[in-house]
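Heads up, the thing below is written out as structure tokens.
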Protein chains: 2
Amino acid sequence: MTRASERAVGELRELILHGAFPAGARLGEVELAERLGVSRTPVREALARLSAEGLVEIAPNRGARVTSWTVAELEAVFELRAVLEPRLTALAVPRATTADADALDELAERMVRVGSPGPGRDLDALVPLNRDFHGRLIALADHPAMATALAGAVHAPIVLRNFHTYDDASLRRSLAHHVEMVAALRAGDPTWAAAVMTAHIHNARVVMVRATRQAQEDA
Amino acid sequence: MTRASERAVGELRELILHGAFPAGARLGEVELAERLGVSRTPVREALARLSAEGLVEIAPNRGARVTSWTVAELEAVFELRAVLEPRLTALAVPRATTADADALDELAERMVRVGSPGPGRDLDALVPLNRDFHGRLIALADHPAMATALAGAVHAPIVLRNFHTYDDASLRRSLAHHVEMVAALRAGDPTWAAAVMTAHIHNARVVMVRATRQAQEDA
DNA sequence: CGATCTTAAATTGCACACAATCTCGGCTGG
DNA sequence: CCAGCCGAGATTGTGTGCAATTTAAGATCG
């Protein structure tokens, strides 16, 4: 059997990202242990790790809850992304091989296909593709300090989890950005690539802030 | 009695920061449990949290080790600090009250006193003062996303732990930067404050990179 | 009738025991 | 003599029981 705690971390992360628990929901240790088929010990470890990732918040003697975000916190996260991700993108440009560019191209094109209006549209398929695209770019930058800083606070999970809140124009822009970044990458132009990434994040920020605000007004 | 795991995290962090273990040293769970007077469970949790902070690295089934840094990684951390800390400093300026400025002033002046050559010199006393100074500035910025991003990767601990490697000129510059930042803060000038912070970090980078390179040549 | 104290159920924190895995010595065979 | 194998000791991973703390309901008093 593979490591129980590792499996627990992965499964719990997916559950939260897919919205299986409402924001702020209590995460009881025994409940999760039963649901994942392990004992409380690996569950505890999983919660600790997800807490470090920012997906859950744990209060002493009071258990763990799914992290909930205020609009201000969400804006702050996007501000951080707007600072770091363009830099990482610029670093990635000179390091990318043709094969890297091809792979990113493939991802960008697939996203355009499944994201465009029509019969083949599948907004849920965008999520893993998008994560992969940004992840590859960050890996190419080969700057662990910035990468972990970004991962540590972005907790982009909440941010990356859902494309249904995009209006048509914003989504079209977002997909076009990916394609344009690949073009900038192939052209070997870090400034261009970074600028597109900056626009990309600002576009996403507006969408997510609007969606979050609306969701909280409904509640 | 206060929470054992919390105490374990704090004590272990201090031990590592004070250099009680050489970089790369193995951290056995039982050994730490005895040393801290708790069982392995809270030790395990402490190691997990310090791993998230980047102070230790833990390999599956192979235990935890004190994180060791290459020069390239150290440079990367300073690059990150050079991006984020000036921004946080700029954010802090308009939020600071007179009382905040007074407190920072007090810290900066104390650092000058204990850092200047003479009978009262105590380089070890600089460490907590310096941490406090930077910590207050970051807290004033009130930007949790950036703060956690910084904390998550900087683990500057290693960086902040020791002033003995500073040569006289660099140390004098460093102490003067603190004083100048307070002046910029009182003047309400975010650009000035951010610029000084940028210089401050670049100054530190040169010192730490030199020291690290030398330490690794000796070994 | 509302507020506070009390008490019991539920939940987390910790310790300990056992199972799984790794490390490293010596040993065998080429 | 060296490479590869093997097994004992040590170390980490996981399960479970008990103590401590929190929470919530109910009772008592103002």
Side-chain angles (χ1 to χ4, degrees), chain A residues 1-16 19-68 148 155 157 219, chain B residues 1-17 19-68 148 155 219:
Chain A
M1 192 202 274
T2 170
R3 298 188 214 324
S5 72
E6 187 126 1
R7 208 159 45 78
V9 172
E11 288 195 33
L12 232 185
R13 189 183 355 235
E14 288 309 310
L15 281 172
I16 295 175
F21 306 98
R26 236 181 126 313
L27 297 172
E29 294 182 0
V30 291
E31 170 201 358
L32 294 175
E34 285 179 14
R35 184 158 184 171
L36 301 178
V38 295
S39 94
R40 278 176 50 215
T41 306
V43 168
R44 247 169 120 53
E45 196 164 321
L47 287 174
R49 284 183 54 178
L50 293 179
S51 157
E53 288 184 22
L55 267 178
V56 308
E57 285 172 333
I58 133 175
N61 286 322
R62 300 180 62 187
R65 316 184 85 83
V66 177
T67 304
S68 60
T148 60
H155 309 138
Chain B
M1 192 202 269
T2 169
R3 286 171 231 332
S5 73
E6 188 124 2
R7 206 160 43 81
V9 172
E11 287 195 32
L12 234 184
R13 191 182 355 236
E14 287 309 310
L15 282 172
I16 294 175
L17 262 50
F21 306 98
R26 236 181 125 316
L27 297 172
E29 295 182 0
V30 291
E31 171 201 356
L32 294 176
E34 285 178 15
R35 185 157 184 172
L36 302 178
V38 295
S39 95
R40 278 177 51 216
T41 306
V43 168
R44 209 158 214 310
E45 197 164 321
L47 287 174
R49 283 183 55 178
L50 293 179
S51 157
E53 288 183 21
L55 266 179
V56 308
E57 286 171 333
I58 134 174
N61 286 321
R62 299 180 64 187
R65 314 184 87 83
V66 177
T67 304
S68 61
T148 61
H155 287 125

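Chain identifiers are assigned alphabetically (A, B, ...) following the order of the sequence lines, protein sequences preceding nucleic acid strands; residue numbering begins at 1 within each chain.
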Separation of atom [atom1] in [X] from atom [atom2] in [N], rounded to whole Å:
X     : N      : atom1 : atom2 : value
B:R44 : C:dC14 : CZ    : C1'   : 14 Å
B:R7  : C:dG13 : CZ    : P     : 16 Å
B:E6  : D:dT21 : CD    : C1'   : 15 Å
B:R49 : C:dG13 : CZ    : C1'   : 14 Å
B:I58 : C:dC22 : CD1   : P     : 14 Å
B:L32 : C:dA15 : CG    : P     : 14 Å
A:E45 : C:dT12 : CD    : C1'   : 17 Å
B:R26 : D:dT11 : CZ    : P     : 7 Å

_Between the base of D:dG15 and the side chain of A:T41, is there a donor and acceptor pair under 3.5 angstrom?_
yes
*Ignoring hydrogens and angles, are the base of D:dG13 and the side chain of B:R40 linked by a donor-acceptor pair under 3.5 Å?*
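Yes, a donor-acceptor pair under 3.5 Å.
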Nearest 0.5 angstrom please: [X] [atom1] to [Y] [atom2], how far?
X     : Y     : atom1 : atom2 : value
B:L27 : B:E31 : CG    : CD    : 7.0 Å
A:L15 : A:L55 : CG    : CG    : 11.5 Å
A:E53 : A:T67 : CD    : OG1   : 10.5 Å
B:L12 : B:L17 : CG    : CG    : 10.5 Å

_Does D:dT23 have its OP1 or OP2 closer than 4.0 Å to a side-chain nitrogen or oxygen of A:R62?_
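Answer yes for this pair, as a side-chain N or O of A:R62 is under 4.0 Å from OP1 or OP2.
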*Taking the side chain from B:S68 and the backbone from B:G24, do they hold a donor-acceptor pair closer than 3.5 Å?*
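Pair absent, no side-chain N/O of B:S68 close to backbone of B:G24.
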*Of the candidate nucleotides C:dC14, C:dT12, D:dT12, which contains the atom at the shortest distance from the side chain of B:N61?*
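Closest of the options to the side chain of B:N61: D:dT12.
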*From the options D:dG15, C:dC14, D:dT14, select the nucleotide whose nearest atom is closest to the side chain of A:V38.*
D:dG15
_Let me spell it out: for each of B:P60 and A:L27, pick the nucleotide of DNA chain C with the closest heavy atom. Which residue's pick is nearer the 5' end?_
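Result of the comparison: A:L27.
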*In terms of the nearest nucleotide of DNA chain D, which residue is placed more toward the 5' end: A:P42 or B:G28?*
B:G28
